[in-house]
K.L.:
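Please read through the structure below; I'll follow up with questions.
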2 protein chains.
Amino acid sequence: MQYQRFVIQPEQLQNHIIELNREQSHYLRRVLRLSPGDRAVALTGKGKAWIVELTPDQAKIVHPITLNTELPITITLLVAIPKQGVDDIIRCCTELGVSTIVPVLSERTLPKPSQNKLTRWQRIAEEAAEQSERAIVPSIITPMKLNEALMNYGSGHKYCYFCTARHDVPSLTEILSAQEWRKQDSIVIATGCEGGWSETELQQAQQANFQLVSLGNRILRAVTAPITATSLIAGFAQMRIKSVDESWKGGEKEKE
Amino acid sequence: MQYQRFVIQPEQLQNHIIELNREQSHYLRRVLRLSPGDRAVALTGKGKAWIVELTPDQAKIVHPITLNTELPITITLLVAIPKQGVDDIIRCCTELGVSTIVPVLSERTLPKPSQNKLTRWQRIAEEAAEQSERAIVPSIITPMKLNEALMNYGSGHKYCYFCTARHDVPSLTEILSAQEWRKQDSIVIATGCEGGWSETELQQAQQANFQLVSLGNRILRAVTAPITATSLIAGFAQMRIKSVDESWKGGEKEKE
């Protein structure tokens, strides 16, 4: 049975009771059309989840569940903010299993987005995580300049890739195919906006430990590139790490 | 130098002169802001392309060019028409290299789309092919029932995959990884709409020579699934066939 899902804040849970806020009550009753006595899944968005039974203003925990829908690795996506389509990038890449999205200001991006937009993006990530049945809601980081992002994420991560078009560089598929895969590896990948990266930015990336990679012979839009990159990384991660750990299976299980 | 691109009909070309229609003249002059004397790329959308020089109402062929941006295989996408997002599917999958898109009416899709929509979808495919620098504009087939599509595309194609969630089936990545790859192979892949396929549809697919595959442990939306599937197939095709044919390189070259 597939239950409806909602994300809670840690302070809402005390003594096996979740105090619902107004927005959640509205969502559960009016949008999802659930009634007192119905069951749902409450998530922390940080890995924990429970089957709950609804009362008019609360949700009582019935039992914890394990969600085996997360990737065995973490993916951090640095995405140069395109004019249009950030919502689609966040929604699709959340479904595909990304852990962290860092909106990046590059030479060819528009000015810094407003705080409202950030709140909206985090909300989209939450909804997409619920709908795709993830255990983790990805973090959307406050936008930063490319160079800062390269410094912050280029060191301390073993695999850092920088997608670029029109350069004779190896394809991401080739690189992933040759990569060693271990559980809990972390992969950082950057994609550009309309017009791509400048030569200076490409140099900065290489200096910061990022390997240049291609996403194929065609020119992808700024919205398509991160979805394609995340699809490939998620596909390889699940295949390669599954083969060393056959216990990795999808779905929803009761904890034993 | 990257020239602007436009697709022509075969009857527009005679004696090295392309007669521009009103829409093309408007597009080249007003939208792309090109002037007489400027150069552009004219495409048939079926593989041929030329550098042309613009005059007020015509385009004179300067020389043919070879576009090496097509995949070494063909991908036919059967896509159960979702409520929203068909435009995004066509745009992204065209960029990724799909050859044919067959909109499919399944048990859980809406009624048959209007002729207007079909014209609109073909126009989106054309624009996306121009922008992604493809040589081929994908065909958008008149929508048909799933069973008809399974019959038409299940026989005569070596590799037929049917994406489904919540079933314990091999992942598409695993299958592609184990697949033999040859130039000009044709792959058919089907993705579902909201609510997925019915049990009857899954059985029909298997009877029609389609192998059930998964796109990972998370539940993807109807828009994300075909983009992910196409990303994976395109990535593997280019990697595997490149390794037996190192002459396969991207970019735009003059014919010798």
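Everything quoted here is computed from the prediction, not taken from an experiment. Below, chain A is the first sequence line, B the second, and so on; all start at residue 1.
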K.L.:
Does a side chain donor of either A:Thr74 or A:Ser99 reach within less than 3.5 Å of an acceptor in the other side chain?
P.N.:
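No, because no side-chain N or O of A:Thr74 sits under 3.5 Å from a partner of the opposite role on A:Ser99.
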
K.L.:
Any salt bridge (Lys or Arg N to Asp or Glu O under 4.0 Å) involving residues 75-92 of chain B? Give me the pairs, sequence neighbours left out, ordered by first then second residue.
P.N.:
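Residue pairs with at least one partner in residues 75-92 of chain B: B:Asp87-B:Arg120, B:Asp88-B:Arg91.
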
K.L.:
Between the side chains of B:Thr200 and B:Gln203, does any donor sit under 3.5 Å from an acceptor?
P.N.:
no

K.L.:
Considering only heavy atoms, which portion of B:Leu96 lies under 4.5 Å from any heavy atom of chain A: side chain, backbone, both, or neither?
P.N.:
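Backbone plus side chain of B:Leu96, per the 4.5 Å heavy-atom cut-off to chain A.
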
K.L.:
Using a cut-off of under 4.5 Å for heavy-atom pairs, which of B:Arg166, B:Gln131, B:Arg134 has the most such pairs with chain A?
P.N.:
B:Arg166

K.L.:
Is it the backbone or the side chain of B:Ser177 that comes under 4.5 Å from a heavy atom of chain A, or both, or neither?
P.N.:
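Answer is side chain: those atoms of B:Ser177 sit under 4.5 Å from chain A.
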
K.L.:
Could you tell me which of B:Pro170, B:Ala165, B:Gly216, B:Cys92 has the largest number of non-hydrogen atom pairs under 4.5 Å with chain A?
P.N.:
B:Cys92

K.L.:
Regarding B:Tyr3 and B:Glu133, is there a side-chain donor-to-acceptor distance under 3.5 Å anywhere?
P.N.:
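Per modelled atom types, B:Tyr3 and B:Glu133 side chains form no pair under 3.5 Å.
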
K.L.:
Which one wins on heavy-atom pair count under 4.5 Å against chain B: A:Ala128, A:Ser132, A:Ser214?
P.N.:
A:Ser132

K.L.:
For a quick check under 3.5 Å, do B:Tyr159 and B:Glu180 share a side-chain donor-acceptor pair by atom type?
P.N.:
no

